Q: 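Take this structure, written in structure tokens, and hold onto it; I'll ask about it next.
When reading the values below, keep in mind they use all heavy atoms of this one structure, side chains included, and skip hydrogens, waters and symmetry mates. For clarity, every value in this text was computed on a predicted model and none was experimentally measured.
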Amino acid sequence: GYLALFERGLTMSNCRRVSEGLASEALLAELWCAYRAPGAVAAATGRFAEIDRVVVGGGRVLHFLEIKTRRNRATDYATTIVKLSKHKAARSLYEATRLPTYLLVVFTDEARVFRLDEPPDEYLRFVTGRHCGYRVERGLVLPVLFSEYQKRTSLRGGDKDGGVESPVSA
């Protein structure tokens with residue numbers, strides 16, 4: 001039960017954030033399809049997959065989608081960081097299918113999309129593992145998607161809760 005969660009270093013606040021993150025991801029996947037792949041659906045790939053979604057439309061796979069939310073403005077850092085394993089998975093998918101993997105990053109002030117299967121701008125090693133970075137300026141800004149996302153979410157908790165965004169009823 002709860003003791004096992006705490007022993008693994010998780011708190012109830014972390015569990016709430018994971019739950020809200022999954023809800024936010026589902027909303028962003030829905031908005032992605034509405035604005036970037038009309039008529040398609042972004043099916044979740046599963047808990048242990050490196051890439052979050054497979055976008056399917058017209059009876060075929062159109063592309064793959066990784067979704068990230070950030071608690072900073074797009075201009076706060078020159079680079080947005082993802083695990084290197086995600087880039088490698090996207091690259092392998094591209095080599096096998098010739099279909100792109102998009103990285104949708106929602107910052108606090110805008111949404112941007114990158115090609116996760118393309119070479120990153122930098123490689124990094126942290127205590128938490130190997131990562132890679134994509135220069136923020138390289139991403140395509142998606143103002144309509146971001147605006148709709150903002151309409152359908154509220155910012156809760158500010159600094160205390162890390163600015164976790166959670167969906168509210170529309």
Q: Sub-3.5 Å donor-acceptor pair from the side chain of Thr97 to the main-chain atoms of Leu93, do we have one?
A: yes
Q: Find out whether Thr101 and Tyr94 are in side-chain contact, i.e. whether some heavy atom of one side chain is under 4.5 Å from a heavy atom of the other.
A: no
Q: Checking side-chain contact (heavy atoms from CB on, under 4.5 Å) against Ile67, which of Leu103, Leu28, Leu27 comes through?
A: Leu28
Q: Counting only heavy atoms not in Tyr77 (residues, nucleotides, ligands), do more than 12 fall under 6.0 Å from its OH?
A: no
Q: Within the side chain of Arg53, is there an N or O that forms a donor-acceptor pair under 3.5 Å with the backbone of Ala42?
A: yes
Q: Verify side chain to side chain contact (heavy atoms under 4.5 Å, CB included) between Glu66 and Val82, making sure each step is shown before the conclusion.
A: CA-CA 10 Å; Glu66 176 68 16; Val82 294; 5.8 Å; no
Q: Counting only heavy atoms not in Arg130, do more than 12 fall under 6.0 Å of its CZ?
A: no
Q: Under a single-linkage rule joining Ile, Leu, Val, Met, Phe, Trp and Tyr whose side-chain heavy atoms are separated by less than 4.5 Å, which residues share a cluster with Val141?
A: none
Q: Run the salt bridge (charged side-chain N to carboxylate O under 4.0 Å, His left out) test against Asp52 and tell me which residues pass, sequence neighbours left out.
A: none
Q: Could you check whether any side-chain N or O of Arg135 sits under 3.5 Å from a backbone N or O of Thr79, counting only pairs where one atom can act as donor and the other as acceptor?
A: no
Q: Side chains of Val113 and Leu145: closer than 4.5 Å at any heavy-atom pair?
A: no
Q: Looking only at atom types and distance, does a side-chain atom of His131 sit under 3.5 Å from a main-chain N or O of Leu84, one as donor and one as acceptor?
A: no
Q: Using 30° and 60° as the class boundaries, would you call the ring planes of Tyr134 and Phe114 parallel, tilted or perpendicular?
A: tilted
Q: Working to the nearest 0.5 angstrom, can you tell me the gap between Asp76 CG and Asp109 CG?
A: 7.5 Å
Q: I'd like to know if the side chain of Arg112 reaches the main chain of Val136, judged simply by a donor and an acceptor atom lying under 3.5 Å from each other, with no hydrogens or angles considered.
A: yes
Q: Roughly how far, to the nearest 0.5 Å, is CG of Leu116 from SG of Cys132?
A: 6.5 Å
Q: If you define the side chain from C-beta out and look only at heavy atoms, does anything of Leu142 sit under 4.5 Å from Leu104?
A: yes
Q: Tell me, which pairs form a ring-ring contact (aromatic ring centres under 6.0 Å, His included) where one or both residues lie in residues 42-70, sequence neighbours left out?
A: Trp32-His63, His63-Tyr102
Q: If you measure from NZ on Lys68 to OG1 on Thr80, what distance do you get to the nearest 0.5 Å?
A: 9.5 Å
